[in-house]
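Following: one structure in structure tokens, then a few remarks.
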There are 2 protein chains.
Amino acid sequence: MAARTEIKPMTADKIAAQLTDAVHEHRLQPGAKLREDELCEIFGVSRTIVRQSLRSLEFEGLLTIEKNRGAFVSKPTLKEAHEVFQARALLEPTTARAAAERANDVDIDMLEQHIEAEHAALAQDEAGLALKLSGDFHLEIARIADQNTIEQFLRQLISRSSLVIALYWRRRNALCESNAHHALLDAFRNHNGADAEELMKGHLLDIYSQLDLREREDGTTSLRDALKL
Amino acid sequence: MAARTEIKPMTADKIAAQLTDAVHEHRLQPGAKLREDELCEIFGVSRTIVRQSLRSLEFEGLLTIEKNRGAFVSKPTLKEAHEVFQARALLEPTTARAAAERANDVDIDMLEQHIEAEHAALAQDEAGLALKLSGDFHLEIARIADQNTIEQFLRQLISRSSLVIALYWRRRNALCESNAHHALLDAFRNHNGADAEELMKGHLLDIYSQLDLREREDGTTSLRDALKL
DNA sequence: TGAGCAAGAATTGTATACGATCCAACATCA
DNA sequence: TGATGTTGGATCGTATACAATTCTTGCTCA
């Protein structure tokens with residue numbers, strides 16, 4: 001395990017990556033504020049670097065920077081939630097088809113390991129980690145398809161999906177996830193592009209249908225709920 | 001015409017927008033270097049702001065920042081060129097369908113004006129401006145479709161398309177462009193989503209098929225001239 | 001009691017200073 | 001002559017200082 005206090009100065013990219021993981025694993029909730037000075041202390045760099053990483057995460061849609069107020073973990077609206085999954089529905093099925101047709105043995109091994117890691121995380125009740133790994137699985141497919149541009153877009157969409165899930169997920173069990181991923185893996189093993197495309201389409205619809213996309217009150221309710229008033 | 005020396009300090013966003021226009025209109029060629037000090041003088045702000053805008057343009061794929069060397073207008077590889085149009089082929093036809101079905105009279109007026117502006121630019125032999133307007137036409141469709149997320153991706157894809165065209169376009173006449181746009185406009189007038197989807201698909205394939213392999217030398221036009229300041 | 005307000009603290013935005021790296025021109029030597 | 005080394009200027013990267021804004025807290029007054 002790495003030491004908590006790094007000796008080498010962190011780069012903006014590494015800080016952004018750590019913050020991204022924290023959001024993906026739901027250790028940082030939508031609406032959480034990220035103060036610059038606090039991050040400076042944690043990572044041992046100046047505000048220049050911290051601000052760089054915050055900016056880059058804003059571009060990815062993970063953070064929202066309000067002028068003179070600071071950086072907050074984004075809270076996607078209902079409309080944005082729909083848009084994210086509509087965009088994924090356009091990009092991912094075709095990408096999965098291409099990936100299934102291109103995948104070699106090393107690629108398939110890697111996907112297997114991803115699924116195993118997901119299982120392990122679930123077994124240890126680390127739902128956040130499992131969710132992040134599930135996102136990585138989708139990204140891995142774009143990588144296998146050798147579509148760098150789409151992979152980049154997908155990275156943003158999966159980031160936002162993580163926020164959407166944090167806000168609008170109905171139930172906590174992500175078990176269905178790994179089943180769908182298993183089915184996809186089989187299609188990859190058979191290099192069956194048509195199957196992979198259909199499975200991905202269904203998988204995305206499945207996630208989408210499990211979102212509670214009704215209107216709801218603002219975050220102030222969470223405090224009220226927490227106090228049971 | 002705006003004065004050369006601005007009184008109000010420019011924001012990073014406005015600087016990025018002006019640089020974006022310059023690239024889209026091919027006043028800045030792929031490979032051109034953007035020195036920070038020079039931009040500071042031109043826009044009358046400190047390097048902090050200039051660097052912010054350069055970062056944001058890097059994220060959009062318009063610029064490439066090489067560590068300790070500076071920011072350059074990106075030179076997409078042939079693979080990236082293909083990827084850009086493959087991604088557009090996934091996103092735009094469906095978006096055009098949705099837009100055609102949603103478009104109201106104001107939307108259609110706006111598209112008409114876009115096409116007229118394209119014609120006017122071509123008539124005055126301003127190919128660069130016409131190209132930029134052509135890109136805006138595609139963006140406008142995403143806006144009409146009320147798909148903010150896809151519009152954001154499309155913005156990046158169209159930016160990169162502009163670079164691809166600067167590097168790999170076979171012939172200079174963009175006349176075919178406005179014909180295709182005219183046909184799309186008709187489909188919008190009839191709220192015929194299926195037609196719009198097919199026309200967009202064909203339009204993108206048409207552009208794609210006109211890409212060529214040859215590389216170009218980078219122009220050495222003055223940065224200040226390219227920005228018309 | 002509660003709304004409005006004012007002063008000070010906390011936080012972010014921007015400019016500048018300084019160190020690190022790169023690059024081009026010139027000098028040196030085989 | 002040509003390759004290589006060196007030096008000074010140009011340019012970029014990061015830290016810090018200061019300005020602008022927002023937030024908090026406590027006060028006043030109806």
Side-chain angles (χ1 to χ4, degrees), chain A residues 5-19 23 28-75 218-220 223, chain B residues 5-19 28-75 217-218 220-224 226-227:
Chain A
T5 55
E6 287 289 337
I7 296 177
K8 294 180 191 174
M10 305 268 311
T11 70
D13 282 347
K14 285 180 184 170
I15 294 173
Q18 288 207 25
L19 291 174
V23 174
L28 277 173
Q29 293 287 322
K33 174 161 185 180
L34 283 72
R35 283 195 303 110
E36 295 177 356
D37 283 340
E38 196 172 351
L39 294 172
C40 290
E41 273 193 27
I42 292 172
F43 293 110
V45 294
S46 77
R47 282 178 58 217
T48 307
I49 306 297
V50 165
R51 284 172 66 82
Q52 267 184 37
S53 53
L54 293 180
R55 278 277 171 192
S56 73
L57 293 176
E58 184 193 27
F59 286 129
E60 285 200 357
L62 216 65
L63 302 183
T64 303
I65 296 178
E66 297 179 30
K67 187 172 170 71
N68 283 317
R69 296 207 51 242
F72 304 84
V73 178
S74 295
K75 296 171 70 171
D218 265 352
T220 51
L223 176 58
Chain B
T5 55
E6 288 289 338
I7 296 175
K8 294 179 189 173
M10 305 269 310
T11 70
D13 282 347
K14 286 180 185 169
I15 294 173
Q18 289 207 26
L19 291 173
L28 278 172
Q29 292 287 321
K33 174 163 185 179
L34 283 70
R35 282 193 305 110
E36 294 176 357
D37 284 341
E38 197 172 354
L39 293 171
C40 290
E41 272 194 29
I42 292 172
F43 293 110
V45 294
S46 76
R47 282 178 57 218
T48 306
I49 306 297
V50 165
R51 284 173 66 83
Q52 267 184 37
S53 53
L54 294 180
R55 280 275 173 192
S56 72
L57 293 176
E58 181 194 29
F59 193 84
E60 285 199 358
L62 216 65
L63 303 183
T64 302
I65 297 179
E66 297 179 30
K67 187 171 170 70
N68 282 318
R69 295 208 52 244
F72 304 83
V73 178
S74 294
K75 297 171 70 169
E217 293 303 312
D218 48 3
T220 50
T221 49
S222 147
L223 178 56
R224 193 178 285 270
L227 294 172

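By convention in this document, chain letters (A, B, ...) are assigned in the order of the sequence lines, proteins followed by strands, and residues within each chain are numbered from 1.
For the pair A:Leu19 and A:Leu39, the minimum side-chain heavy-atom distance is below 4.5 Å. Contact check for A:Leu54 versus A:Glu36: side-chain heavy atoms found under the 4.5 Å cut-off. Between B:Val50 and B:Leu34 the shortest side-chain heavy-atom distance does not fall below 4.5 Å. For the pair B:Leu62/B:Val73, no side-chain contact is recorded, criterion being any heavy-atom separation below 4.5 Å from C-beta on. For the pair A:Glu38 and A:Ile42, the minimum side-chain heavy-atom distance is below 4.5 Å.
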Going 5' to 3' through nucleotides 9-16 of chain C and flagging B where a protein heavy-atom sits under 4.0 Å of the base, S where only the sugar-phosphate is that close, and - otherwise, we get --SBBBBB

